A.B. asks: 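Have a look at this one before I ask anything.
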Amino acid sequence: MVPLTVWLCSDLRSQEPPPRLSARSNREKPDTPICVQHRQTVGRELAQHLISTCTSKGALIAEGFTTSEATLITAAELDRRAIALVPHFPLAQHIGNRLRAALDQRRLRRVQMRSVRPDQMAKGLADHLGQVSLVIGAPPPYETGGHNPRRVPRTDCPACRADLWMLSSEQLGLFLASAWRVLAPGGVLAVVTTARHQAGHLIDPAPRIIRHAQSLGFRYAQHVIALRVPIEGDALVVQAGPTDLAQLRDTRSGALPLTVGVHATVSLFSKPQEPTSSPGSDGPYSGRTR
């Protein structure tokens, strides 16, 4: 049995309007907001828990499957260094705008983005192999057993557009193997997932990811429940959005009740201090988790 803990990660700060940028040219476009789904993937509160719990000052953090600026800003504010993998230029441009608006020049020098996919992390961080203290990844549904969206969503969210751009790749397995290569001995891998109902079935990607990470040599260290909604007294405060309200039904209905996502699962793995093997890309490793 691994230790189980609960982190409060309602992340009210992520609901604030984006900071205003000082216009440096007349061609600068207004910042397009990240949708709620992607803003909550790894929010500021969850990033703060992960970074403060798993690293010390000056440590290097790497993030794959990046959807927002939350990890980079939090790392800079906590006196850490961080590198986010953002292969989609519009999303990188959005994150860059947010970073410049939120951080001063001193803190900006602590963070950077690199244009490589999550499965290319070892290649993209070749200058930091074996030096990273914490790797964070929140793989999207199509990487964890879910279905690919069949049509382009009607949204301007840069993270949604980045998802559609990378749909043809199965990157999760190679991301886990790359995390092993970039992590220092004793480093931590944090994988954030959310169970969901799809086509009448409950899909929980965590057990599959745990088995795969252990097969690579990682030690399953801790299971964290990250609550995404506030608590008032002994009750969870869940606010229904327009989509939820549209599905309200009579209490006498025989249909299944609505499901509301109130938490994420954070699986924490540690790389042993003295690894016995290195599951790099040179070995007989397929890189698939399905």
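Since we're looking at a predicted model, the values are computed, not measured.
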A.B. asks: List the atom of L50, the atom of V266, and the distance in Å for their closest heavy-atom pair.
C.D. replies: CD2-CG1, 4.0 Å

A.B. asks: Answer yes or no: is there a donor N or O on one side and an acceptor on the other, between the side chain of K271 and the main chain of G187, under 3.5 Å?
C.D. replies: no

A.B. asks: May I ask you to test the L60-I83 pair for a side-chain heavy-atom distance under 4.5 Å?
C.D. replies: yes

A.B. asks: Give the minimum heavy-atom separation between F65 and P140, together with the two atoms involved.
C.D. replies: CD2-CD, 3.5 Å

A.B. asks: Once you round to the nearest 0.5 Å, how far does OG1 of T71 lie from CD1 of I136?
C.D. replies: 4.5 Å

A.B. asks: Over 60° means perpendicular and under 30° means parallel, so classify the ring planes of H49 and W7, tilted if in between.
C.D. replies: parallel

A.B. asks: Looking at F175, is its backbone amide N or carbonyl O close enough to the side chain of S178 to form a donor-acceptor pair, meaning the two atoms are under 3.5 Å apart?
C.D. replies: no

A.B. asks: Please name the pair of heavy atoms, one in A75 and one in A82, separated by the smallest distance, quoted to 0.1 Å.
C.D. replies: CB-CB, 3.6 Å

A.B. asks: If you define the side chain from C-beta out and look only at heavy atoms, does anything of V42 sit under 4.5 Å from S68?
C.D. replies: no

A.B. asks: Can you tell me if R106 uses its side chain to pair, donor with acceptor, with the backbone of D104 under 3.5 Å?
C.D. replies: no

A.B. asks: Which pair of non-hydrogen atoms, one from A70 and one from G43, has the smallest distance, and what is that distance?
C.D. replies: CB-C, 3.7 Å

A.B. asks: Could you tell me whether the side chain of R80 and the main chain of T55 form a donor-acceptor pair under 3.5 Å?
C.D. replies: yes

A.B. asks: Could you measure the distance from the CG atom of L85 to the CD atom of Q120? Nearest 0.5 Å is fine.
C.D. replies: 9.0 Å

A.B. asks: Look at the side chain of R114 and the backbone N and O of G124, then say whether any donor-acceptor pair between them is shorter than 3.5 Å.
C.D. replies: yes

A.B. asks: To the nearest 0.5 angstrom, please state how far the CG atom of L268 sits from the OG1 atom of T53.
C.D. replies: 8.5 Å

A.B. asks: Measure the NE2-CG distance between H223 and L4 for me, rounded to the nearest 0.5 Å.
C.D. replies: 6.0 Å

A.B. asks: Which pair of non-hydrogen atoms, one from A213 and one from F269, has the smallest distance, and what is that distance?
C.D. replies: CB-CE2, 3.7 Å

A.B. asks: Heavy atoms, side chains only, cut-off 4.5 Å: are E63 and V86 in contact?
C.D. replies: no

A.B. asks: If you round to the nearest 0.5 Å, how far is CG of L46 from CG of L8?
C.D. replies: 11.5 Å

A.B. asks: Within a strict 4.5 Å, meaning less than it, do heavy atoms of the V182 and M121 side chains meet?
C.D. replies: yes

A.B. asks: Between M113 and L72, is any pair of side-chain heavy atoms under 4.5 Å apart?
C.D. replies: yes

A.B. asks: State, to 0.1 Å, how close A62 and V132 come at their nearest heavy-atom pair, and which atoms those are.
C.D. replies: N-CG1, 3.9 Å

A.B. asks: OG1/T265 to CD1/I209 distance, rounded to the nearest 0.5 angstrom?
C.D. replies: 10.0 Å

